[in-house]
Amino acid sequence: MAFKSLSKSEKAYIQASLQSNSSLRGDGRSLQEYRTISLETGVAPLANGSARLNIGKNDAEAGGGTEILAAVKLEVEDIEHGERVDQGRVTCSVSCSPAAYPLASSGGLDDLQHDYSTFLDDILSHPSITPANLGIVRGKKAWLLALDLVVLSDSGNVYDAMFMAARAAIWDTKVPRTRSVEYRAQKKQEGDMDVDEEKQSGLDTRQVKAATDFELEDYWDEGIPLVGREAWPICVTLNLLSSLHFLDATSQEEAATPLRLLLVYSVASKSTPALQGMQLLGSGEVDVAQIKKLIQDGEKHASQLLAAINLKLRDEEVRLTDKARLKFASVR
Amino acid sequence: MVEITIRKRQREDAVITQRKFFKKTARGKVIKVIRERYLRDDVVCGIEGCRECSHTTDTLLPRNGSPDHKSFPNGHYVLPDTNVFLAQMDLMESSLFTSPIILLQTVLEEVRHRSLPLYNRLKALVNMDDKRTWIFYNEFRSETAVVREEGETPNDRNDRGIRKGTAWYNSHISLTRPTIRGQPPPTLPTVVLLTDDVANRQKAEKEGIPSLSVRKYVEGMPNNSQLLDLLSAESDTIEPTVAAGGRGPLYPEYLSSGTLTAGIKAGELHQGHFNANTFNYLEGSVAVPAFTKKVLLVGRENMNRAVDGDIVVVEVFPEKDWKAPADEVVDQEVTLRNDDAEDSEEEADNDEVIAEERKALRSEEAARRAAERQPTGRVVGIIKRNWRAYVCHIDSSSLTSSNTTSISQQTVFATPVSRLLPRIRMRTRQAPTLIGQKILVTIDKWDVHSRYPEGHFVRALGKAESKEAEQESLLLEFDVPYRPFGKAILDCLPPEGDQWVVPPKSELGPAWRDREDLRHLNICSIDPPNCQDIDDALHATRLPNGNIEAGVHIADVSHFVLPDNPMDSEAASRGTTVYLVDKRIDMLPALLGTNLCSLRPFVERLAFSVIWELSPEAEIVNVRFTKSVIASKFAFEYTEAQRRIDDAKQTDDLTESIRLLNTMAKKLRAGRMAAGALNLASPEVKIHLDSSESSDPIDVEQKALVETNSLVEEFMLLANISVAQKIQDAFPQTAVLRRHLPPPPTNFEKLQDILKKRRGLSLDVSSSGALAASLDKCLDPGEPAFNTLVRIMATRCMLSAEYFCSGSVSKDTFGHYGLASPIYTHFTSPIRRYADVLAHRQLAAAIAHVPLHASLHSKAHVERVLGGVNRRHRMAQMAGRASVEFYVGLALQGRVARAAQTHAGRVTQEAFVIRTFRNGLNVFVSKLGIEGLVMFKRETQFDADDYTLTIPSADGGAGATIAVFDKVVVSIDVEKDRNTQRGKVKMALVSPVDSVGL
């Protein structure tokens, strides 16, 4: 989705310098290097979890870079009506700030949002990665985890940024503590001699109706983190230019790249990354053997990226709780 | 240019400055709420003369605290923990508890969170004049604010905050009063943490914070014996729990509140008010919307510690386990006579008592008829306790014999005056002095292990049977506010006091604005004898066109009682004037009620007039409403007015006016009856008092009614209906109306069945008109009182009328069943009913006299006020009835004594049987307007389907069969219960069979 209009000679220049022996990039990075990523969690106090992520912020210009805001809202959902899953579900939607795409027509912006939403929702709402603690009352009520992403500005590599922001917001999410309560009517006393009672049909599918609801535990903290948040996927975009690939393309580079391969990995702790999704964008071509190789490379990049993000997220947790408390203690 | 500075908080501070929590809404959504907190350093300590804190108020804590406690000779302040207010509010409220109190914000908020009624009492306590209380906003002072630690429960966090507050106070006191060189070190008062939470106390000791349990603290106070009685049972750690624990729970535990709501939502559990049965203490019922009949609760386990008035949740058994209500009288006092209050001894008796109760239940069960089965269930939880202070007697037999004079603490039974309540176990040191007194007792808790609720003594009301104690206990029992009016309220009265007169007529004066001058009319009032609060007066004249002008003039109370001032709020909370036999508790200060608003004769008064033009057939041609000035020409008593009407020689204008009113009233009444109005009866008696001073009752008689009674009544009804239409038109959303819902036909089933089986009469209850017609046919040529009796019984089957806000119910339920009027309100007695005051304001606004006060535009406000007025109204009626009963009892005592002197032996009266039990009869003595129970100890033959009871005669002969509606003769005796000092009317059958010895 290249909105930057680039002249043929510009494209050729970028492609040539990337393919040169020393692989030159406009900002002097190596091919497998990311721009600076800054990440902050807990930015929206009223959301259940939130994060703001920026790739390639240029301090000298006090701006720039790809900026994503992600927020998680948990809503109680009745799951007895409708075709919902038993243990809660995740939905994801992306909206793009018009400021991020000043050249897009309003129709184009809608299409873009739709594309982003579909791609993210397909992958993130997959039951295999749905957190295990979204259920409230079995078969009755569950949390609907609504993940909303806003693209505030786009200067390339928006997919990676969105997945990272989503992961950070999910990491930050706390599920309120609930206690399910249920009331079951007294069972008929055993040994009752009700001879002329109707015989129970084997096809009787009526269930024992248990009245159920839940209550919030009397706790002031925000709750417990999502189970399985470590396995939340991240995305690595490999920009393919003939035989070489490079990471974290700026928008100019994206415009000059014929083909991009999006690889989404979910890394359950310590094990090898599992490929969760894959998409090819662009008009170029690539053969299967090459893709296999790329997937292996992608795994490596994903592990590295993940390690960096996890480190930062843990840091954020400490900042928001312990450090603040220490600061409070030292003020007094 | 204005400089804009953005004061933004660091997000890192959020942990301190924000409090986040989740809230579950009624619709099941969960929302996150964030509260901001700003810490400051200038929250003041509230101690007089503190050099650090600058105080602006003068109600401060004394500089050296209170020196009265023996553990703290240097003076002290108490800083109570939340549990103290939750459990020991009576102690804290006592005027004997004089220690200065430091109330932490944390505590205040926790109390509010846990119990709103207690929070309101706490707020009242803070404002009490004889208390020294200081609220310290510890959560906002930077030194005392606490932040929740990881994994800390809110409770622990609050406890930590309270400890920190205590520690801060102690260090604050020592820091602000340093030792000055050359002077002896100053004596520093201590701030004592008062808590019944053992864990909190231990932690406090570890941190070096002085802390005490409430009991320990009170023991060290000067007048401790009185205060110790006020301690609620909850802090009784001395309670012998071993014995209780050993015998296993008597009652099932309640389900958790979440489970209850879940069950109610799913329709498997039902919520309703618990009503105890007057005749059988082992039975109660709960009316729930899901069933047409009430849900029956049989036996202690199934009633599961519910007390009359509680909102409970019941589980209904499967239909095959349903039962019929008992037809036997089971008296708590008889069955449980041998029960002992002391816990340890009780255990031995326990099995015996339970066995006895089981027997009582079983013998009934066999007799229960299948036909009358109704939903039966058990209480599984309590939504809201409706416990209050109950008027009780000490059961003297529960005192251990060796202890009748000792002042050591002992456990006794307090028997509530109301038969609906269980006995209350309480501990007291004053038992010997309390015997024979009426006392006030509150229930604290009811354990699963304890057969009875546990409570504590609040205060003594005085000697039983003394008028003052009886009167006060009556008012307390029915929750009638009877304190004298406060200064703020009296300040709302006109400054001229009783010198106030209607100012001379002028168009400019505020009193005369938009007022009609009706001083020339022949207006008079007709009231019962000695009436002081005359709120209505009437007149009638013939018009030239042959029609008749009739006017009803009502005291213009809303001219004096302005909306939203202290007098108005007080009147709203009192709701109604309460009439006892010998006392009237006014809704409005006496100056208004009996003077300025009272439409006395021969003086000018402000009025609100309803003036009709009536056709000679008494149809309304025209009606108008106006504020007016009237001068009543005479104040009649009913009988006096009647004499004037009957005396053909009197032909003056005033008499003609009454005659005209009387003829119109008869036509109005005929019209009303034709429309299907009910003529209901309730037993009304009149108490003759010896003289106004002694107020000893001489005798009781039934009230006699004369034509003039109904004259006034008809015109009041007409006025009320006309006003109701007017205000409903003007304010369709908030009009104050009154309605009487038609009773559900099931209410009449039993009466219909009795009438059919016993007398072959049928009762048509399809509409009020049909009912009125069939009631008229219920005649017994030999017994004129029979019709009245049926009417009384029919009245008991009906619902009670209520005030409501026109916007809150659907329009087709506006009707007044008894009066057969589609719309009705109360307008005619604003001196003694608050709803009338509201109707006056709305009518005044409807005729554009004054704009309507904003509060009367709010549906929620009107609903709330009327809800209170309805409750007060009900209570006032019951209080009035109870007062009559008390005096009937006194009068009977006099009669019995006289009868004994004149060797007549005993007092006998004719009575009607209104209900039959397996072992007794419920009879109604119409001459005295009282009901009584005749009990038989001997075997009787009871036919429940036919409502008859066959009693063998004393010599074992054939005996007599008695049925409902039969006339019997009973002997009446007043017997004082030896244990409870409760005066009890005792009846025995004289004819057809003498039941003495049966």
Side-chain angles (χ1 to χ4, degrees), chain A residues 40-49 52 73-78 136-137 140-141 143 174-189 192 194 197 209-223 316 319-329 331-332, chain B residues 10-25 27-34 36 39 41 113 142-155 157-158 255-269 313 315-318 320-321 377-378 380-381:
Chain A
E40 193 179 10
T41 57
V43 291
L46 281 172
N48 297 76
R52 188 194 190 100
K73 178 92 183 77
L74 291 169
E75 281 165 44
V76 181
E77 209 179 25
D78 284 343
I136 301 174
V137 180
K140 294 273 182 186
K141 284 181 193 309
W143 294 110
K174 305 275 195 311
V175 185
R177 290 167 211 264
T178 54
R179 185 166 33 208
S180 82
V181 285
E182 70 187 298
Y183 171 77
R184 225 171 260 278
Q186 272 190 322
K187 278 261 174 82
K188 277 215 174 114
Q189 276 118 21
D192 262 2
D194 278 357
E197 206 180 352
K209 210 178 133 203
T212 39
D213 199 356
F214 71 97
E215 59 189 14
L216 292 170
E217 280 183 38
D218 194 11
Y219 244 84
W220 285 350
D221 69 350
E222 297 192 58
E316 282 287 294
R319 176 183 69 91
L320 286 176
T321 53
D322 297 355
K323 275 192 184 162
R325 227 174 248 122
L326 284 174
K327 191 176 159 200
F328 175 65
V331 165
R332 280 175 301 163
Chain B
Q10 299 280 308
R11 239 194 338 270
E12 285 75 29
D13 293 349
V15 125
I16 311 148
T17 57
Q18 290 178 349
R19 197 159 67 83
K20 300 181 200 174
F21 56 94
F22 291 98
K23 211 167 99 181
K24 191 179 166 212
T25 64
R27 300 178 65 192
K29 299 265 175 251
V30 173
I31 50 170
K32 191 169 174 182
V33 183
I34 291 191
E36 287 276 336
L39 297 183
D41 297 322
H113 184 62
S142 55
E143 288 101 327
T144 51
V146 284
V147 174
R148 201 184 78 92
E149 303 277 342
E150 196 67 40
E152 197 177 33
T153 65
N155 199 14
R157 177 210 170 272
N158 286 341
L255 300 178
S256 76
S257 71
T259 316
L260 294 177
T261 28
I264 293 166
K265 256 189 200 153
E268 305 206 357
L269 296 178
V313 177
E315 177 191 70
V316 175
F317 295 144
K320 66 181 165 55
D321 294 336
R378 66 187 183 102
V380 293

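Fair warning: this is a prediction, and the values are worked out from it, not measured in the lab. Chain identifiers are assigned alphabetically (A, B, ...) following the order of the sequence lines, protein sequences preceding nucleic acid strands; residue numbering begins at 1 within each chain. Basis for what follows: all heavy atoms, side chains included, without hydrogens, waters or symmetry-related copies.
- Side-chain contact between A:N48 and B:F22 is present, with at least one heavy-atom pair separated by less than 4.5 Å.
- In terms of modelled atom types and a separation under 3.5 Å, the side chain of B:K32 and the main chain of A:P45 share a donor-acceptor contact.
- Looking at B:V30 and A:W143, their side chains come closer than 4.5 Å, going by heavy atoms from C-beta outward.
- In terms of heavy atoms, B:K29 sits closest to A:V76 at NZ-O, 3.6 Å.
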